[in-house]
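Quick notes on the structure that follows.
Every heavy atom of this structure was used, including side-chain atoms; hydrogens, water molecules and symmetry mates were not. On a predicted model such as this, the values are computed, not experimentally measured, just so you know. Here is how names work: the chains are called A, B, and so on, in the same order as the sequence lines, proteins then strands, and each is numbered from 1.
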Amino acid sequence: MSRIADIKNAWGKTVAAHPVPRFADLCLRGAGQVMFQSSAWAGLCFLAGIFWGAAHTPAVAWGAVLGLVTGTGTAVALRAPRRDIAAGLHGYNGMLVGCALPGFFRPTPVMWALLVMGAAFSTVMMLGLSRILKTWKVSAMTGPFVFTSWLIMLAAYNFAGFTISGLPHPMMPAQPGMASATGISLSGVWTASLTGISQVFLLNNEISGLLFLAGLAGSSLPAAVFAWLGSLTAIGTALFLGAGTQDILRGLFQFSAVLTAVGLGTVFYRPANGRVILYALFGAVFTVVAQGALNVLLSPFGIPSLTFPFVLAAWLFLLPNIDLLPPSHQTDSQPPPG
Amino acid sequence: MSRIADIKNAWGKTVAAHPVPRFADLCLRGAGQVMFQSSAWAGLCFLAGIFWGAAHTPAVAWGAVLGLVTGTGTAVALRAPRRDIAAGLHGYNGMLVGCALPGFFRPTPVMWALLVMGAAFSTVMMLGLSRILKTWKVSAMTGPFVFTSWLIMLAAYNFAGFTISGLPHPMMPAQPGMASATGISLSGVWTASLTGISQVFLLNNEISGLLFLAGLAGSSLPAAVFAWLGSLTAIGTALFLGAGTQDILRGLFQFSAVLTAVGLGTVFYRPANGRVILYALFGAVFTVVAQGALNVLLSPFGIPSLTFPFVLAAWLFLLPNIDLLPPSHQTDSQPPPG
Amino acid sequence: MSRIADIKNAWGKTVAAHPVPRFADLCLRGAGQVMFQSSAWAGLCFLAGIFWGAAHTPAVAWGAVLGLVTGTGTAVALRAPRRDIAAGLHGYNGMLVGCALPGFFRPTPVMWALLVMGAAFSTVMMLGLSRILKTWKVSAMTGPFVFTSWLIMLAAYNFAGFTISGLPHPMMPAQPGMASATGISLSGVWTASLTGISQVFLLNNEISGLLFLAGLAGSSLPAAVFAWLGSLTAIGTALFLGAGTQDILRGLFQFSAVLTAVGLGTVFYRPANGRVILYALFGAVFTVVAQGALNVLLSPFGIPSLTFPFVLAAWLFLLPNIDLLPPSHQTDSQPPPG
């Protein structure tokens, strides 16, 4: 344990002294902020999980790094508040843009140009959206990532220069039959609880899910617990509503609920008492319903809902600004991250 | 008349003394707030109208009661401001959710579970939306009901567990021909003016419409007059634009305009002078155009526009905060209801 | 030059003395505000360009005049702040509504009634939207024009009384092939740079584009330069993304970017230094991507994106409120126009 403290100490000194490690630190914290952790360790684990899970699609991993650096660099160039940059708040949206685009488009020059521009724009949007939401003391969450990616994906259908590879086909909504809801075994639940976490970075990989959990646990144990609880709650809700078993095993109904549970349970309301846990899990249940709704709403446009169900749930469950805690524990403003 | 005063007095004393009648009073005022009346009498008439109009679909009436109680109870559990609960502001959205769902889904366990969760969530949304809109001194209206119901209806197309019975089929927009616009007789106008009022609670029933008018008149005579004027204005506008006669007779183009007229004419601007009447009726005309637009916008998703045309009209016509009154009559803040 | 000063002087005296020329002055400034110029000269040039370009579709030109007068008159009737009316801020949205509707509908009595009501409503919306956006010191831009026109266009598909003539057919999104992207000659770029400016008023006419440039140059030379630069930037972006050559020649991807470039480069950030020019042109590039996205998003509803890509770009690039200027040049609030 003291060796970890030594490493932490040494890293702290290096960061303070040299601009290149300082920028690396900002970027790693940016990676960590995807799951609300302003922690270089969490960011390192998340990057490891991405490179592991994207072993056969390296453009996804390199896109994530490029997006992370571009988003953070744009914030420096636009003179965003130093404190926010230092906390990693201008890296995570660009990183997710860089993660998402190579999963849906062939890695052509047009794709890479849009990836860089999109990551830069996600920082512009982060600044704008945060300014609006500050009025009600709510954070932008992954909204800038979602809106930027949607804009680029939608535009792809309008221009011949994009090579679409993984977007869903535009379709009118139609209710599925019960045939695809075949139930799930206990080991299936275990798998689904981990892929559900890996899908936060658009990956379907149990090991990546474990690495993300390790990153969370190293930065905040309650965050790891809530992530796993959120995934389980989402599995239960999806089964009750009759979701397709394959979708659950691939983690598609869990990743937004994971973020909702971590956000509501450990970031914006704390410490977690019974009321907070109940509210956070109600939020996770709502997230699954909202994801179903968004899947239908986006179906005619052929774009995925990404983490917007989480964004919606977080905004809607934080806006009431409800007093869930005994007075002495209340913080007078919500912490900034997303 | 003195007997009515006696009853009112006795009820007031009972409410003050016992928690059960007190909760019943909150719930009845919640029912009244669907048409802006914080009045147990109005709520009682509205419930009577619902049970009459839903005689052959009892799930609608019991759903309304369950939603009303759940919405109000959630507000108590979340410690919403007492004054708002006492005015019935946390009951009407849950009640409308409970009224709407059984009209569009078979009464399966999944439906009842979503109805209770939806009514509870509508209170969370009421708190959040009100906090946003307070910035510009505008009320949430029936927005929480509409958004909650839309989320559940959209989600239904994504999950096999729902049994859809009454949602419109998802379709691309297509302009109807003039064949369905066959004109309307004077007695048809009378019928349509009443069904237009009953559709505020998603019912197509003249007697229910009369009971709703009675509830309004007992609480505020101008409200009843504006409700009927709004219905007539909507009929005229729909005829001018070439709406289908059957839709008009069933009240489908009137109910939102009824709410707009009552809201603009008697709640948010008062007393009603010539300018207020003109502005309220312009709002009612706009509501019909907006409803046409929303029908088209929602057509590919297979969901109804509910009272959103009213919500949109109310927000757009209240936001300018125009000075329609002589200075001495101006109130410095708009009243809270929806 | 002194003769122009004489004319200006004489006009100023006439305006001060008589109510009719005063109203004409308000209306001309309203026309000028379509491109951010509170200038009667710019408004006169813009009207000349419209009458020239709409020689074969006179309803467009007269609709523009009628919308301009109705919008401005409604602001007077609703007692909007005098300073805003005097700057022409309540004319340009109504004028654009009046320009747009006759291009998409046959000039029937229903169309003219909706045009007048729509122009009046655009003023209500201007007041409401401005009140919301004032919270973050951002202007409504042409938002009221776009939302009002969309509402009427969408409603047209719901009612038999409209005679649609020019709306796109509702369709599911489908990516075009490279066949329509045939490249462009240098003279084609010249043509496209001018039609791109004329399309701000929904016209496809080089001479009109030149007249609009003349109006801009007479009021502000930098505005004319940024308009042309914005058009060129949009042509380059559209070519890079593989847009259809015919669409570029008709100016369809340029008009919103023209407004973005003028707005960001000369109105909201000034004087234009290197950083401002870069930011404004990044905004113009973004506008083209956003327009592609909106074309796809609106495709199932059969309505055009109008100038909404500009509105979106302007809001998103102004909200961050970035410090692009050396401290001494900063103005503490953004100017009002749209």
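Within the 4.5 Å cutoff, the side chain of C:P300 has heavy atoms near those of the B:M172 side chain. Between B:L241 and C:N158, every side-chain heavy-atom pair lies at or beyond the 4.5 Å cut-off.
Smallest separation of non-hydrogen atoms from C:A160 and B:G177: CB-O, 3.4 Å. Closest of all the heavy-atom pairs between B:V296 and C:Y157 is CG2-CB, 3.6 Å. B:P173 and C:F301 make their closest contact through CG-CA, 4.2 Å (heavy atoms, listed as atom of the first residue, atom of the second, distance). The minimum heavy-atom distance linking C:L151 with B:A293 is given by the pair O-CB, 3.4 Å. Here the shortest heavy-atom pairing between B:L318 and C:R131 reads O-NH1, 4.1 Å.
Classification of the B:F253-C:F159 ring pair by plane angle, with boundaries at 30° and 60°, yields tilted.
Heavy-atom distances place the side chain of B:F282, and not its backbone, under 4.5 Å from chain C. Contact of C:A156 with chain B is made through the backbone alone, with heavy-atom distances under 4.5 Å. The contact between B:A243 and chain C is made by backbone and side chain atoms together, counting heavy-atom distances below 4.5 Å. Residue contact with chain B, scored on non-hydrogen atoms closer than 4.5 Å, is absent for C:M153. Neither the backbone nor the side chain of C:I303 has a heavy atom closer than 4.5 Å to any heavy atom of chain B.
Proximity of a side-chain donor or acceptor of B:Q175 to a complementary backbone N or O of C:I164 within less than 3.5 Å is not detected.
The 12-atom threshold is exceeded at CH2 of B:W315, counting heavy atoms of other residues, nucleotides or ligands nearer than 6.0 Å. Atom CZ of C:R106 has 12 or fewer neighbouring heavy atoms from other residues, nucleotides or ligands inside a 6.0 Å radius. Counted within 6.0 Å of CH2 on C:W150, heavy atoms from surrounding residues, nucleotides or ligands total more than 12; the atom is thus considered enclosed.
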Kindly determine whether C:V124 and B:Y279 satisfy side-chain contact (heavy atoms from CB on, under 4.5 Å), including the steps that lead there. CA-CA 11 Å; C:V124 173; B:Y279 198 65; 3.8 Å; yes
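Rounded to the nearest 0.5 Å, atoms CG (B:L297) and CG (C:L298) are 9.0 Å apart.
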